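Shown next, in structure tokens, is the structure this report addresses.
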Amino acid sequence: MSYVEDILNDVKEKNQDQPEFIQAVNEILNSISVIFDEHKEFEENGVLERLVEPERVIMFRVPWVDDSGKINVNRGFRVQFNSAVGPYKGGLRFHPSVNISIMKFLAFEQIFKNSLTGMSIGGAKGGSDFNPKGRSDGEVMRFCQSFMNELFRHIGPDTDIPAGDMGVGGREVGYLFGQYKKLADVHVAVLTGAGLEYGGSLVRKEATGYGLIYILEEALKSREDTIKGKDIVVSGSGNVAIYAAQKAQKYGGNVLAMCDSEGYIYDKNGIDLSIVKEIKEVKRGRIKEYLDYSGKKSSAEYIQGEKIWNVPCEIALPCATQNELDVNSAKILAKNKTKYVAEGANMPSTNEAVDVFLKNKMIYLPGKAANAGGVATSAFEMAQRSSRIAWTFKEVDEKLKRIMINIYKNIDAVSKYYGYENNYVVGANITGFLKVANAMISQGIV
Ligand code: NDP
Ligand code: 2IT
């Protein structure tokens, strides 16, 4: 049995109740298996055995009182997966689906993504099964305070720096930071995605979506193609989706559809993002309200209970959640002659869907490369905060663009080097892995 097969069997055996984690490990290990013959040192140093086991997993009780006076208890997590390259870094997700499998897959992915950015940050993820939907600001604040009452002892500006993810945006980061400061009595960069008034960075809010479009445009440019004039479908209507759609429109793309977990809006004349922003960022409402704003004469339609991937497009941008794009959806994209798939979300395509993309010669940019702009800008936030110097929007945006172009160049070169031209699963995973593996070897068996 090969080294990779051996480790994979062990991971499956030990984590039988963690399908998303097994899926993420499977995807990465299978795609990097080509390097182990020429790099015996990885097996000799037990790199994979150590890599698939988190350095630390913290799970804790989060009790809080809702507006009616009822006591609620949620589960909190922080998975500190790997700190070989730098301090633990990764977002916090508040969503009812959160469990240990989802936390571990996200933290595992984050190791390679953070490595790809070229910044010195390790991989982590955290969150809770708390559902912020429909909760008042007061309830969200009390929840965040209780969550931080435990988390604060495990994080710090040089140990572990959380940020936002699904269900955690500026409001939540503010409440979390306020409680951290109260407990630790220091005003430091311990959470990124902070408000601009208290140390946050310009462009952080837009960074994941903008970064997605920057890397996509680079991939198209190198094929003498462009986003301009292309039909685009963006799933989700949250932080990543909104700013991906905004930048895609700026580049001349036609964003035809966006969704939330209940249904999607299709507008053949292009989505009006100011409406989506009003509904999602201001009102915290549902995407179906789009029709109330766009008026009776609008060409928009709302479709419920159907996958957004049924909408024909040349570019598909999954920006919602894991496994939202399955093998059937991938086949529909292939049938509709979609040329490019770039992932704003983490692991939105199942492994079987990815096989369909590659077999059909679509250009597929996996999330850990394509959505790395968010965490890269978080690292810029840390740099600005600790130096007490704030960069302009243009400065941060240019640095973000440079990082995304670099990621593309690196994964493209590595995929070619190993004889897998146009296969960015191989390109991204090997590139991300090599830095982490070498850092682990340099630091001994720890
Ligand atoms: P948000 O919470 O802002 O938005 C999530 C969006 O996805 C919402 O519109 C939500 O709809 C929708 N959604 C959730 N589940 C489903 C589903 N099953 N089907 C269809 N739509 C669904 O999160 P973000 O935009 O921050 O995150 C989106 C993805 O991007 C996640 O995978 C996250 O891990 C990843 N990511 C985020 C980064 C960041 O900086 N924020 C950085 C890199 C990656 P509803 O309101 O109905 O739940
Ligand atoms: O998945 C991700 O990369 C994020 N949610 C952002 C992490 C961060 O630390 O900015």
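As the structure lists them, so they are numbered: ligands from 1, and atoms in each ligand from 1. The model shown is predicted, which means the values in this text are computed figures rather than measured ones.
Contacts between M166 and ligand 2 below 4.0 angstrom, taking non-hydrogen atoms only, are absent altogether. No part of L106 comes within 4.0 Å of ligand 2, judged by heavy-atom distances.
Of the candidates L106, T208, I102, T208 brings a heavy atom nearest to atom 42 (C) of ligand 1. With distances taken over non-hydrogen atoms, the option nearest atom 4 (C) of ligand 2 out of E109, K125, K368 is K125. Nearest to atom 6 (C) of ligand 2 by heavy-atom distance, out of K113, R204, R93, M382, is R204. When the options A163, G193, G367 are ranked by their closest heavy atom to atom 8 (C) of ligand 2, first place goes to A163.
The contact set between ligand 1 and G344, taken as ligand atoms under 4.0 Å from a residue heavy atom, comprises 30 (O), 35 (C), 36 (N), 44 (C). Close contacts of ligand 1 with K133, meaning ligand atoms under 4.0 Å from a residue heavy atom, involve 45 (P), 46 (O), 47 (O), 48 (O). Atoms of ligand 1 lying under 4.0 Å from at least one heavy atom of R93, given by number and element, are 31 (C), 32 (O), 33 (C), 34 (O). Near G164, with a cut-off below 4.0 Å to any heavy atom, the atoms of ligand 2 are 4 (C), 5 (N), 6 (C). For ligand 1 and S237, the ligand atoms under 4.0 Å from any heavy atom of the residue are 9 (O).
Taking the six-membered ring where the residue is Trp, F177 and Y180 present parallel rings, their angle staying beneath 30° rather than reaching 60°. By the 30° and 60° cut-offs, the orientation of the rings of Y251 relative to Y214 is tilted. Classification of the F81-F21 ring pair by plane angle, with boundaries at 30° and 60°, yields tilted.
Aromatic rings of Y175 and F143 (six-membered ring for Trp) have centroids beyond the 6.0 Å cut-off, not under it.
At least one N or O atom of R286 sits closer than 3.5 Å to an N or O atom of ligand 1. Close N/O approach between H95 and ligand 1 is not found [any backbone or side-chain N/O within under 3.5 Å]. Close N/O approach between V240 and ligand 1 is found [any backbone or side-chain N/O within under 3.5 Å]. Among the atoms of S378, some N or O lies under 3.5 angstrom from an N or O of ligand 2. Considering backbone and side-chain atoms together, D165 places an N or O closer than 3.5 Å to an N or O of ligand 1. Residue contacts with ligand 1: S261 is placed with a nitrogen or oxygen under 3.5 Å of a nitrogen or oxygen of the ligand (distance criterion only). Residue K125 places no N or O, backbone or side chain, under 3.5 Å from any N or O of ligand 1. For ligand 1, the polar-atom distance check finds an N/O of G167 within less than 3.5 Å of one of the ligand's N/O atoms. Checking only distances, N346 does come within under 3.5 Å of ligand 1, N or O to N or O. Here's the thing with I161: none of its N/O atoms is less than 3.5 angstrom from an N/O atom of ligand 2.
Nearest to atom 9 (O) of ligand 2 among the protein's heavy atoms is K89 NZ, 2.7 Å. Ranking the protein heavy atoms by distance from atom 7 (C) of ligand 2 puts G91 N, 3.5 Å first. D165 OD1, 2.9 Å is the protein heavy atom nearest to atom 5 (N) of ligand 2.
Here CD1 of I7 is found 11.5 Å from CZ of R50. Values are rounded to the nearest 0.5 Å.
Looking only at atom types and distance, the side chain of N371 has no donor-acceptor partner in the side chain of T208 under 3.5 Å away.
Not close to ligand 2: A372, with no non-hydrogen atom less than 4.0 angstrom away.
Side-chain atoms of E343 come within 3.5 Å of backbone N or O of G367 as a donor-acceptor pair.
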